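Working notes, structure below.
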Amino acid sequence: QLNKRNFYGFLRDLTQQLSLHQAFSLSDAITDLSPVPIIAIDTKGTILKFSAASAKLFEYEANGENGVVGRKNVSILMRPKDAADHDQHLARAKAKGFVGSARKVVGVSRTGRL
């Protein structure tokens, strides 16, 4: 029997509430210290932040020559059927201003483990 892991995501724009420097500092601290996998993406799905817990769970490096940050779309972490719908999901979320943008998908590691 497969051991499925479900992941939930939400989007919230804090840029009006924090200065850019404060936002980056806070984001980096949370990402670096969290035992929970944290992945941040841009509006096209490109991975911008990939915590150490994410690297361990999904078996990808965050940075470096083979890193996912700035190079890979978050859909690499999903089953093919979820990945195929992901760009449309992002487009719908962007059109709605990201409010309430969340969906449940099954995560897949680099080695194909669910």
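Computed from a prediction, not measured in an experiment: that's the story for all the values here.
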* Asked: In Å, rounded to the nearest 0.5 Å, how long is the span from NZ of K49 to OG1 of T31?
  -> 5.0 Å
* Asked: OG of S51 to CG of D28: how many Å apart, nearest 0.5 Å?
  -> 12.0 Å
* To do: Using the rule that two of Ile, Leu, Val, Met, Phe, Trp, Tyr join whenever any of their side-chain heavy atoms come within less than 4.5 Å, decide whether L48 and I30 are in one cluster.
  => no
* **Which residues share a side chain to side chain donor-acceptor pair (under 3.5 Å) with K72, sequence neighbours left out** => none
* **T46: side chain to side chain donor-acceptor pair (under 3.5 Å) partners, not counting sequence neighbours** => none
Taking the side chain as everything from C-beta on, heavy atoms only, tell me whether [X] gets closer than 4.5 Å to [Y].
X	Y	value
N73	H86	yes
Y60	I47	no
I41	L90	yes

* **Residue among M78, E59, R79 satisfying side chain to side chain contact (heavy atoms under 4.5 Å, CB included) with V108** => R79
* Structure fact -> Tightest non-hydrogen contact, residues S34 and A53, listed as O-CB, 4.0 Å
* Worked check of side chain to side chain contact (heavy atoms under 4.5 Å, CB included) between F58 and V68 -> CA-CA 11 Å; F58 290 104; V68 296; over 6 Å; no
